[in-house]
Amino acid sequence: MDAISTRGLSKYYGKTRGVEDVSLSVPGGAVYGFLGPNGSGKTTTIRCLLGMLRPTAGEATVLGHQVTLDGAELRRRVGYVAGEVHLYERETGRWHLDYVAGFRGGRGTLTDDLVERFDFDPSKRVKELSKGNKQKLALILGMAHDPELLILDEPTSGLDPLNQEAVYGVIDERIAAGRTVFLSSHVLSEVERVCERVGIVRSGHLVAEENVRDLLGKRLRQVEVRFAETVAPSFLADLPGVDSVTALSEVVLAARVKGGAIDMVLKRLAGRAVTDITIEQAGLEDVFLEFYRGDEPANPPAPVAGEGSEGPGSVTSHRGGAL
Amino acid sequence: MSWTLLRGTLHQRRASIFWFCIGLVLYSWLMTWFYPKIGGGRYAEMIQSLPPEVLVIFGGTEVPFASLGGYFQTEYLGLMWMIIVAAAVVLFAGRAFSGEVGAGTMELLLAQPISRLQLALTRVAAFVGYTVVLSAASFVPIQAFGPAYGIELGAKTFWTLFAFGTLFMLAVGGLAMLLSAVFRDSGRPSGIAAGLLVVFWIADLVSSVSKAARFFDPINLVSYWQPGKIINGESISPRAWWIYGLVGALSLAAAVVLFRRRDVA
């Protein structure tokens with residue numbers, strides 16, 4: 001059974017589009033990556049799934065129940081970590097843990113474990129916490145009761161690599177325990193690290209839904225070859241699937257190689273004396289960028305709280321793998 | 001209703017609840033203590049030396065100034081008390097929904113297994129409880145300390161004043177809560193509700209000196225506020241009770257209905 005499924009889900013803010021006609025399915029027991037740049041509609045979709053926003057059209061089903069604005073019982077089975085963490089500034093972490101425990105009929109079974117793993121001090125007031133520590137508290141609040149479905153909106157934002165790895169570890173464990181994780185992110189390395197299936201959202205539309213492995217099979221490689229003798233760029237440029245061939249010096253060529261074309265490149269290189277070769281595997285980022293090339297729609301989605309104001313037209317690539 | 005949310009709401013508002021209550025208790029006690037010093041004949045002499053327009057500003061229009069009710073209405077309950085409790089209830093109710101939506105904490109709240117109906121009813125219950133506490137902070141000191149300063153309200157007068165004051169706060173705060181169910185930030189609901197009260201107050205002022213402005217009186221929440229009459233043992237018009245009761249009940253019910261249907265993020 002699908003843990004989440006949406007059919008024709010659309011949300012407009014007045015005349016401005018948030019998401020349009022999003023149909024996706026998240027199988028139970030899997031980690032589903034919901035990938036897209038800031039402002040693409042990820043948070044809007046999540047808020048519709050949680051009954052915080054009323055969809056303009058379409059419907060959503062979560063854990064077999066149709067999502068309604070009043071779905072209290074459904075939320076008992078779902079854990080949610082918001083992309084932009086907002087907590088009660090004057091209260092302590094302990095107060096927040098007790099507050100949520102009050103709604104859920106007791107302390108979450110994972111509370112102590114998560115507090116320890118994230119090295120979180122619950123005695124401090126929220127206003128005294130750093131961004132990373134607020135994020136830790138939000139993660140503990142969302143995950144402590146071991147929900148059947150975890151909806152995480154950019155969960156590692158503001159966390160150091162050690163704590164990011166702790167989050168991935170918790171996700172791995174929850175999946176091993178049969179839970180489902182819906183992970184919204186624009187950090188490609190994160191999606192690559194933890195997700196099995198990914199939906200790519202662009203300008204409010206779901207433009208692709210594939211297994212991460214299939215997506216990575218389509219990825220690009222950056223190849224740099226040092227020859228023992230002078231070689232012209234035309235030596236590689238005529239191969240299908242090879243582009244951007246440039247001569248870095250008289251004996252060094254660099255080229256971008258798509259998917260299966262690497263085999264032909266290696267066979268071609270076998271006919272020359274090669275002194276060094278570097279093959280850099282471009283990550284999911286390059287595959288992702290393929291979906292964002294081309295003309296942007298005239299009506300970009302509305303940036304909503306929790307998503308940056310950066311629209312799809314201003315997609316930027318960072319070395320860390322975030323878009 | 002959710003006890004966790006009720007406790008949480010009161011806990012988060014503990015500072016403002018404490019200070020407003022302390023302020024009202026001290027002010028009420030001060031005005032009670034002050035009565036023998038300036039009340040009675042000397043008070044009437046002082047009042048008569050003031051221009052009539054100034055007296056109107058303090059709400060002293062329908063009760064004799066020299067009476068106990070006239071003293072309390074002119075010196076305290078007719079203006080200062082209204083300002084203090086209006087600020088308290090408008091701030092409290094104005095933040096009930098939109099304050100959390102604007103601050104982003106509504107997202108945390110609605111990620112928990114609580115229905116919107118439960119949430120809204122709990123917020124209404126917290127608000128109703130707050131008005132009762134404010135009434136107690138306002139009128140219990142007069143009743144408790146009064147005998148020491150020659151003021152005897154009597155049980156009926158006290159409870160009538162208590163109930164009427166609570167209804168007044170429910171009506172004013174109900175409007176703020178209704179606005180809070182519509183807007184996305186706490187500033188606008190509180191601002192609009194406060195502005196509405198100022199309009200009521202100005203309309204009451206103008207209608208006291210000009211018949212032309214009296215068309216507004218039937219719906220003017222400020223015009224119906226005549227605590228001096230209650231203190232003097234007179235009866236308040238049934239219309240006043242109905243208007244406060246209806247405005248409070250309808251606006252709170254509408255706030256619950258609207259909150260259940262709105263987008264909260």
Side-chain angles (χ1 to χ4, degrees), chain A residues 11-14 18 43-44 46-56 68-92 95-96 98-106 126 134 137-138 141-143 145 147 150-151 153 304-307, chain B residues 1-19 91-92 95-123 125-126 181-187 255-265:
Chain A
K11 176 65 188 176
Y12 277 76
Y13 301 96
T43 299
T44 297
I46 287 174
R47 286 172 176 170
C48 287
L49 291 175
L50 289 163
M52 291 174 187
L53 298 179
R54 180 196 293 271
T56 311
T68 62
L69 294 185
D70 242 349
E73 280 313 303
L74 179 59
R75 289 197 292 265
R76 189 177 294 282
R77 301 164 64 194
V78 177
Y80 170 55
V81 178
E84 212 168 279
V85 176
H86 293 288
L87 301 159
Y88 299 96
E89 293 287 318
R90 288 190 304 170
E91 311 301 344
T92 64
W95 183 89
H96 281 83
D98 292 342
Y99 193 45
V100 167
F103 289 115
R104 294 193 175 271
V126 168
K134 285 179 186 172
L137 177 55
L141 293 172
M143 303 198 291
H145 56 282
L150 251 180
I151 297 181
D153 192 357
V304 296
E307 292 190 323
Chain B
M1 199 169 80
S2 163
W3 291 107
T4 300
L5 181 63
L6 185 66
R7 280 198 306 270
T9 303
L10 296 176
H11 180 80
Q12 286 151 28
R13 309 289 179 82
R14 61 193 182 279
S16 68
I17 292 173
F18 176 79
W19 287 115
L91 287 174
F92 190 95
R95 287 180 55 194
F97 306 116
S98 58
E100 294 236 24
V101 174
T105 47
M106 187 61 83
E107 211 168 3
L108 174 69
L109 205 47
L110 282 183
Q112 310 311 322
I114 177 171
S115 72
R116 290 190 183 205
L117 179 63
Q118 264 185 311
L119 194 157
L121 289 177
T122 306
R123 284 279 148 90
V182 175
F183 288 104
R184 287 183 58 85
D185 62 290
S186 61
V256 172
V257 171
L258 288 173
F259 176 71
R260 291 186 72 192
R261 293 161 179 259
R262 69 169 290 184
D263 286 344
V264 294

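Proteins come first, then strands; the chains are lettered A, B, ... in the order of their sequence lines, and each starts at number 1.
- Heavy-atom distances place no part of A/Ile151 under 4.5 Å from chain B, backbone and side chain included.
- Of the two parts of B/Leu5, the backbone and the side chain both hold a non-hydrogen atom closer than 4.5 Å to a non-hydrogen atom of chain A.
- Because its NZ or CZ atom is both nearer than 6.0 Å to the ring centre of B/Phe92 and within 45° of the ring axis, B/Arg13 counts as a cation-pi partner of that residue.
- Classification of A/Glu89 and A/Lys134 as a salt-bridged pair holds, one side-chain N sitting under 4.0 Å from a carboxylate O.
- Contacts with chain A were tallied for B/Arg262, B/Met106, B/Glu100; B/Glu100 has the most, counting heavy-atom pairs under 4.5 Å.
- Salt-bridge annotation for A/Arg47 and B/Asp263: absent, with no side-chain N of the basic residue lying under 4.0 Å from a carboxylate O of the acidic one.
- Heavy atoms closer than 4.5 Å to chain A are found in both the backbone and the side chain of B/Ala111.
- Contact of B/Ser2 with chain A is made through the side chain alone, with heavy-atom distances under 4.5 Å.
- In terms of the side chain to side chain donor-acceptor pair (under 3.5 Å) criterion, residue partners of B/Arg14 (sequence neighbours excluded) are, by chain and number, A/Glu91, B/His11.
- Using a 4.5 Å cut-off between heavy atoms, B/Leu110 contacts chain A through both its backbone and its side chain.
- Remark: B/Arg95 CZ is loosely packed, at most 12 non-hydrogen atoms of other residues, nucleotides or ligands lying under 6.0 Å away.
- For a residue to count as touching a neighbouring chain, one of its non-hydrogen atoms must lie under 4.5 Å from one of that chain's; by this rule B/Arg7 does not touch chain A.
- For A/Tyr99, the ring-ring contact (aromatic ring centres under 6.0 Å, His included) test picks out A/Tyr88, A/Trp95, A/Phe103, with sequence neighbours left out.
- For A/His145, no part lies near chain B; criterion is any non-hydrogen pair under 4.5 Å.
- Of the listed residues B/Leu108, B/Ile114, B/Leu117, the one with more heavy-atom pairs under 4.5 angstrom with chain A than any other is B/Ile114.
- Remark: the B/Asp185 side chain and the B/Ser98 side chain contain no N/O donor-acceptor pair separated by less than 3.5 Å.
- Heavy-atom pairs under 4.5 Å with chain B peak, among A/Arg54, A/Arg75, A/Glu73, at A/Arg75.
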